[in-house]
2 protein chains.
Amino acid sequence: MTQNVYKHHDHHSCVDSALNKARRLCEESGQRLTPVRQRVLEMVWANHKPVGAYDLLPKLAEEGFNSAPPTVYRALDFLLDLGLIHRISSLNAFIGCNHPGEAHPSCFFVCRECGRAQELDSRLMGSLASKAEEELGIKVEQQMTELMGLCPICQKEAS
Amino acid sequence: MTQNVYKHHDHHSCVDSALNKARRLCEESGQRLTPVRQRVLEMVWANHKPVGAYDLLPKLAEEGFNSAPPTVYRALDFLLDLGLIHRISSLNAFIGCNHPGEAHPSCFFVCRECGRAQELDSRLMGSLASKAEEELGIKVEQQMTELMGLCPICQKEAS
DNA sequence: AAACTTTAGGTTATAATATAACAATATTGT
DNA sequence: ACAATATTGTTATATTATAACCTAAAGTTT
């Protein structure tokens, strides 16, 4: 676990680090981190809450970007392909990836109260996949895990 | 692993067993397995492929049931609440549960070629949740895992 | 630099999935 | 039979996502 979003931290450095990694990955793969793409990535990293595509549209509009659905979906797809963000299927929402560039399953806990999502160590998912591959003869290409519940902060507030 | 959907099996007995379990669970919990609900459950169990809500609508219509979206979503929600089916979020689709009545995370492998889904032993997911609870102080209430790839049959056909 | 190719973005329309809100009916408990 | 509750019917609409086609920008080759 490289960080804990439910603890106080210098969030500016989260965003900063995400942008640096993005720039590096783009360069390495010969892709372009265009203004929309970078801005969408920053918006996804605005906090640690998964954000919906349609939440981004008005924000892009405010900043003078084109803001039709294809624009934001293209940017999101680009970022997904590069592994810079993950998609939280159960929420139809997107969240920044903590360690882009290292192939790994999407594995998150999301607090049902505050909405903040914590990326989890996904190594156990690897075991699950291997076991299933062995027992069933399947070939696993992708995997995702989503946990829901209460974060420490919202547990306290509930009592 | 109680069964392997990628191997030949008497599918009639899958459906039969699912219906029996459904009737038992409904009785135990004082809920009613009404005609639409039962029919939707049967349709979900028609094969081992996750089925979308909107795929069910015309089938219900054919049989003279009302077939507006709320009808099918209500039936699906009922079956989800009782743990008789699971939702595959990455597909917006629904699939029968192999062991309803026993609380457990949703844990599936889905073949990207043939679409057939295999429910997996979810005990490893329990470890993941416990570990996360311990390390982060979170409280996990729900979890789901979805694997994608190629089943044994589709691997063969690909070569 | 001009011509060409490739990649990205703009635009309009529409598809696919899901829910809100309220009325009508059926079932259960008294 | 009556009231209370649960279920279903119905209409409308919200939310999420993609298709298709066109324009513009950036990179490549000559």
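Numbers restart at 1 for each chain; the letters A, B, ... are given by sequence-line order, proteins then strands. These numbers come from a predicted model, not from an experiment.
- Between the OH atom of B:Tyr73 and the P atom of C:dA20 there is a distance of 12 Å, given to the nearest Å.
- Counting non-hydrogen atoms under 4.0 angstrom, A:Arg32 reaches the backbone sugars and phosphates but no base.
- Side-chain polar atoms of B:Ser89 and A:Ser89 form no donor-acceptor pair below 3.5 angstrom.
- Taking the ring centroids of B:His86 and B:Phe94, they lie at or beyond the 6.0 Å cut-off.
- Distance B:Arg74 CZ to C:dC22 C1': 10 Å, rounded to the nearest Å.
- For the segment residues 47-67 of chain B, residues with any heavy atom less than 4.0 angstrom from an atom of DNA chain D are, sorted by number, B:Asn66.
- Between B:Cys114 and B:Cys151, some side-chain heavy-atom pair lies under the 4.5 Å cut-off.
- Distance, B:Glu27 CD to C:dT28 P: 12 Å, rounded to whole Å.
- Contacts between chain A and DNA chain D, taken as any atom within less than 4.0 angstrom of a protein heavy atom, begin and end at D:dT16 to D:dA26.
- Using a 4.0 Å cut-off on heavy atoms, the residues of residues 82-95 of chain A that approach DNA chain D are A:Arg87, A:Asn92, listed by number.
- Atom CD of B:Gln143 is separated from atom CG of B:Leu128 by 6.5 Å, given to the nearest 0.5 angstrom.
- Between B:Pro70 and A:Gly30, the residue anchored closer to the 5' end of DNA chain C is A:Gly30, taking for each the nucleotide with the nearest heavy atom.
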